Amino acid sequence: MNILKALVLIIASGAVLVGIALTEHTRSDRWKVKTLADGFHVDTVAVATTIADQAAVPCPKVGEDVKRLPSEKTLYSLTARLVEAKKEFDGDYHLILEDPASHLRMIAEIPDTTAAASPVYRQDFARARTEITKLLGRKPGFLGVHPVGTCWVQVEGIGFFDEPHIFAPTGTAPNDREIHPVLHIQSLASAPVSN
């Protein structure tokens, strides 16, 4: 019985620590950047890019207190293969994208519409999340959902540098570059033509 109590105490303590860390994270400057809650207004014209282009952007040192960087002010349009989608503990949809030419991968995320995201862009986030559900046939869960067959998508969103993680999430670009937030995503009928 003492072992069971100790196990329950360890699990409960871990849950409390995760909850405290998540609360602090969602109040940070980086959180405001990646959910557009920092007052930034997005350009209306997207710049075409690739995962290889994004992986080549020099990685600055970032932490929870870093506000929007100059390299995080561009709306990009990116064509890639959707490898997986899952829901993270913060409620965001975590998408793993793969470059059709280089096979490099990167993460794109669609913020949780109920979180402290910018009210100006919540409808965009909601539409993008609905589109992911349509593409996959169900909502992403914590274990992740893989598309049936090859799924090509065009994603529009803002370039973002995530903080380095002790254990990098699957699909992380070598420089921690992401498209975050995703404002629009659409399915493509076929693979993009390589230049």
Side-chain angles (χ1 to χ4, degrees), residues 13-40 42 47 49-78 80-112 115-118 121 125 128-129 132 140-146 153 155-183 185:
S13 298
V16 167
L17 290 174
V18 167
I20 290 169
L22 187 56
T23 299
E24 289 303 311
H25 178 61
T26 58
R27 293 181 181 158
S28 72
D29 287 325
R30 290 316 283 164
W31 182 267
K32 291 173 187 167
V33 170
K34 67 184 182 178
T35 60
L36 297 174
D38 64 343
F40 178 72
V42 178
V47 174
T49 191
T50 65
I51 293 174
D53 290 342
Q54 293 299 308
V57 177
C59 181
K61 185 175 180 180
V62 292
E64 291 281 341
D65 60 342
V66 175
K67 296 184 186 314
R68 186 172 301 277
L69 300 166
S71 61
E72 298 174 325
K73 294 183 177 182
T74 303
L75 175 67
Y76 291 106
S77 176
L78 174 78
R81 183 173 75 90
L82 177 63
V83 175
E84 180 183 32
K86 68 178 181 177
K87 185 175 182 180
E88 294 193 316
F89 289 112
D90 61 13
D92 290 1
Y93 281 5
H94 172 106
L95 313 178
I96 299 173
L97 304 177
E98 184 177 79
D99 190 296
S102 68
H103 301 288
L104 284 171
R105 291 184 174 183
M106 77 180 296
I107 293 168
E109 293 198 26
I110 310 169
D112 182 359
S118 168
Y121 298 104
F125 302 156
R129 290 166 76 96
I132 284 295
F142 292 114
L143 296 179
V145 178
H146 298 271
V153 293
V155 172
E156 283 189 7
I158 307 296
F160 174 77
F161 279 107
D162 201 4
E163 297 171 69
H165 295 72
I166 294 171
F167 301 105
T170 305
T172 300
N175 59 350
D176 294 309
R177 187 71 165 172
E178 298 182 356
I179 299 296
H180 197 155
V182 170
L183 293 163
I185 185 166

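Counting from 1, the numbers follow the sequence of the chain as shown. Because the structure is a prediction, the values reported are computed rather than measured.
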**Message:** Do Ile158 and Arg68 have side chains that approach each other closer than 4.5 Å (heavy atoms only, starting at C-beta)?
**Reply:** yes
**Message:** I need the Thr35 OG1 to Asp92 CG distance, nearest 0.5 Å.
**Reply:** 8.5 Å
**Prompt:** Distance-only, no hydrogens or angles: does the Asp112 side chain make a donor-acceptor pair with backbone N or O of Glu88 under 3.5 Å?
**Reply:** no
**Ile107/Leu97 under side-chain contact (heavy atoms from CB on, under 4.5 Å): CA gap, chis, key distance, verdict** = CA-CA 6 Å; Ile107 293 168; Leu97 304 177; over 6 Å; no
**Request:** Grab the two heavy atoms, one from His94 and one from Thr170, that are nearest each other, plus how far apart they are.
**Result:** NE2-O, 3.4 Å
**Message:** Please give me the minimum heavy-atom distance between His146 and Val83, naming the atom from each residue.
**Reply:** ND1-O, 3.2 Å
**Message:** Do Ile132 and Ile185 have side chains that approach each other closer than 4.5 Å (heavy atoms only, starting at C-beta)?
**Reply:** yes
**Distance-minimising heavy-atom pair for Ala52 and Leu104** = CA-CD1, 3.8 Å
**Message:** Rounded at 0.5 Å granularity, tell me how far OG in Ser28 sits from NZ in Lys34.
**Reply:** 7.0 Å
**Message:** Go through it in stages, so that I can follow the logic: the residues are Ile179 and Tyr76, the test is side-chain contact (heavy atoms from CB on, under 4.5 Å), and I'd like the CA-CA distance, side-chain angles, deciding distance and then a yes or no.
**Reply:** CA-CA 8 Å; Ile179 299 296; Tyr76 291 106; 4.3 Å; yes
**Prompt:** Any side-chain heavy atom of Lys86 sitting closer than 4.5 Å to one from Phe142?
**Reply:** no
**Closest heavy-atom pair and its distance - Val62, Asp162** = CG2-O, 3.5 Å
**Prompt:** Between Asp99 and Ile51, is there a donor-acceptor pair closer than 3.5 Å when you use the side chain of the first and the backbone of the second?
**Reply:** yes
**Message:** Quick check against the 3.5 Å criterion: does Arg129 have a side-chain atom that pairs as donor or acceptor with the backbone of Pro111?
**Reply:** yes
**Message:** Tell me the closest heavy-atom pair linking Val42 and Tyr121, and the distance in Å.
**Reply:** N-OH, 3.0 Å
**Side-chain heavy atoms of Asp29 within contact of Val66, under 4.5 Å** = no
**Message:** According to ring pair (Phe, Tyr, Trp, His ring centres under 6.0 Å), who are the partners of Phe161, at least two apart in sequence or on a separate chain?
**Reply:** none
**Request:** Take Glu156 and Val182 through the test side-chain contact (heavy atoms from CB on, under 4.5 Å) and record every step on the way to the result.
**Result:** CA-CA 6 Å; Glu156 283 189 7; Val182 170; over 6 Å; no
**Request:** Starting from the C-alpha separation in whole Å, work towards a yes-or-no answer on side-chain contact (heavy atoms from CB on, under 4.5 Å) for Ser71 and Arg177.
**Result:** CA-CA 10 Å; Ser71 61; Arg177 187 71 165 172; 3.8 Å; yes
**Close side-chain approach of Glu84 to Pro140, heavy-atom, < 4.5 Å** = no
**Asked** Are the charged groups of Arg30 and Glu64 less than 4.0 angstrom apart, N to O?
**Response** no
**Request:** With the side chain counted from C-beta on, respond yes when Leu36 and Pro181 share a heavy-atom pair under 4.5 Å apart, and no when they do not.
**Result:** yes
**Item:** Ring center gap for Tyr93 and Phe125 short of 6.0 angstrom
**Value:** no
**Request:** State, to 0.1 Å, how close Pro60 and Leu69 come at their nearest heavy-atom pair, and which atoms those are.
**Result:** CG-CD1, 3.4 Å
